2 protein chains.
Amino acid sequence: MLKKEEKNSIIEICPIRNVVARFGNKWALLVVLVLSEQEIVRFNELCRLIPDVSSRVLSATLRTLEADGLVSRKVYPVVPPKVEYRLTDIGQSLVPFIIQLTEWAQTHMKTIVKHRKKFEVESLSE
Amino acid sequence: MLKKEEKNSIIEICPIRNVVARFGNKWALLVVLVLSEQEIVRFNELCRLIPDVSSRVLSATLRTLEADGLVSRKVYPVVPPKVEYRLTDIGQSLVPFIIQLTEWAQTHMKTIVKHRKKFEVESLSE
DNA sequence: CAGTATCCAGGAAGATACTG
DNA sequence: CAGTATCTTCCTGGATACTG
């Protein structure tokens, strides 16, 4: 394997890894998907729409998406606070691909799950 | 947030999360992409094609891809060992989406990187 | 050649509690 | 309401060494 510095340079150069790495985030894709369905969503609404994410992780996810320019955040100076999230144009442009991906997932899911089980059994019997 | 058991049931039910979770893997997408270009690849060849992955992680990645049925593994009973990896039909069917994704990444990468930097500066000045 | 074994470090994510 | 602070746990992935 390569040394750390060499690796980092590869990662920086490679646009695919750099950007696609974001999808490694456990929640990012899901947040984009939810935002694509609701247009405008407030923070606690998102919490409810994705019931198994903590507010800590959700806010971190939103911040990276905002940093990337995929999501915009609008704060209303009112009490109690009101913050709205929505997709930017770039964020929107990603949606069709995510949907295709989920369709692919739905199409092949049964086969994949079946295959996983079979594989598991075969591995055990060795 | 929900309790752990409730969460797990959500994840099991949801086909999208279940399958898309695989993309969270740091190397899975890249391996599929490389296999789509080379058709048949041997283990150490892959090591060389993806120079910044360790053999330990590479073999783990290959095993999960094999378990999912995206990659097939063919062992020749010779000395020294010879093992060939290639995409299955399901694996192949995923390739166009990955390519679209990488094209999207290439198109928007500059904007995203610029936005990240801007965002960083703004965060510091607060 | 094609991996495994072992050990370790870092980061992601979870639980809980708290605040402007 | 919309988060942050803190602490802890878990798990991925990395380094190195070794083997059928």
Side-chain angles (χ1 to χ4, degrees), chain A residues 1-8 10-11 17 21-31 34-35 40-67 71-86 123 126, chain B residues 1-8 10-11 17 21-31 34-35 40-67 71-86 123 126:
Chain A
M1 261 209 334
L2 302 175
K3 301 249 182 285
K4 244 189 184 170
E5 308 81 59
E6 299 174 282
K7 281 200 234 176
N8 287 335
I10 290 178
I11 292 167
R17 297 202 204 184
R22 285 298 190 259
F23 306 137
N25 185 302
K26 192 168 172 183
W27 304 105
L29 277 183
L30 198 57
V31 168
V34 169
L35 288 179
I40 300 176
V41 187
R42 299 180 59 178
F43 186 84
N44 274 7
E45 226 176 322
L46 258 179
C47 275
R48 259 169 276 125
L49 289 168
I50 309 176
D52 50 346
V53 69
S54 68
S55 67
R56 181 188 173 287
V57 172
L58 181 59
S59 88
T61 303
L62 286 166
R63 233 179 296 118
T64 69
L65 288 173
E66 198 197 346
V71 161
S72 75
R73 177 172 178 272
K74 186 171 182 185
V75 183
Y76 294 87
V78 294
V79 179
K82 176 175 173 180
V83 179
E84 288 177 350
Y85 292 92
R86 81 173 72 195
S123 307
E126 272 164 22
Chain B
M1 262 211 334
L2 302 175
K3 300 250 181 286
K4 244 187 182 170
E5 308 82 57
E6 297 175 283
K7 281 199 235 176
N8 285 336
I10 289 178
I11 292 166
R17 299 202 204 183
R22 287 296 190 259
F23 305 138
N25 186 302
K26 193 169 173 181
W27 303 104
L29 278 183
L30 198 58
V31 168
V34 169
L35 288 179
I40 299 177
V41 188
R42 297 179 60 178
F43 186 85
N44 274 7
E45 225 177 323
L46 258 179
C47 274
R48 260 169 274 123
L49 290 168
I50 309 178
D52 50 346
V53 69
S54 67
S55 67
R56 179 190 173 285
V57 172
L58 181 60
S59 88
T61 304
L62 286 167
R63 234 177 296 118
T64 67
L65 288 173
E66 198 199 347
V71 161
S72 75
R73 178 171 178 273
K74 185 171 182 184
V75 184
Y76 295 86
V78 296
V79 179
K82 176 175 173 180
V83 179
E84 288 177 349
Y85 292 93
R86 81 174 70 196
S123 307
E126 274 164 21

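In this text the structure is predicted, and so the values were computed from the model without any measurement. Order of the sequence lines sets the chain letters (A, B, ...), proteins ahead of strands, with each chain counted from 1.
Atoms CG and OG, from A/Leu46 and A/Ser55 in turn, are 12.0 Å apart once rounded to the nearest 0.5 Å.
Atom CG in B/Leu58 sits roughly 16 Å away from atom P in D/dT12 (whole-Å rounding).
Distances from the side chain of A/Val83 to the nucleotides C/dG3, D/dC1, D/dG3 place D/dG3 closest. With D/dA2, C/dG14, C/dA2 as the choices, the nucleotide that has an atom nearest any side-chain atom of B/Arg73 turns out to be C/dA2. When each of D/dC1, D/dG13, C/dG3 is scored by its nearest atom to the side-chain atoms of A/Asn44, the top-ranked nucleotide is D/dC1. Out of D/dG3, D/dG14, C/dA2, the shortest distance to the side chain of B/Pro81 is found at C/dA2. Of the candidate nucleotides C/dC1, D/dC7, C/dG3, C/dC1 has the atom lying nearest to any side-chain atom of B/Arg42. Taking every side-chain heavy atom of A/Ser55 into account, D/dG3 is the closest of D/dG3, D/dG14, C/dG3. Nearest nucleotide to the side chain of A/Trp27, out of C/dG14, D/dT4, D/dA2: C/dG14.
The side chain of A/Tyr85 contributes an N or O atom lying less than 4.0 Å from OP1 or OP2 of D/dG3. In this structure, A/Ser59 does not reach the D/dA2 phosphate: none of its side-chain N or O atoms is under 4.0 Å from OP1 or OP2. At the phosphate of D/dT8, neither OP1 nor OP2 sits under 4.0 Å from any side-chain N or O atom of A/Arg56.
Although no hydrogens or angles enter the test, the distance criterion places no donor-acceptor pair under 3.5 Å between the side chain of A/Asn44 and the main chain of A/Cys47.
With 3.5 Å as the limit, one finds no donor-acceptor pair spanning the side chains of B/Glu66 and B/Tyr85.
Mapping B/Pro80 and A/Arg48 onto DNA chain D by nearest heavy atom places A/Arg48 at the nucleotide closer to the 5' end.
When side chains are defined from C-beta on, B/Asp52 counts as touching B/Trp27, because their heavy atoms get closer than 4.5 Å.
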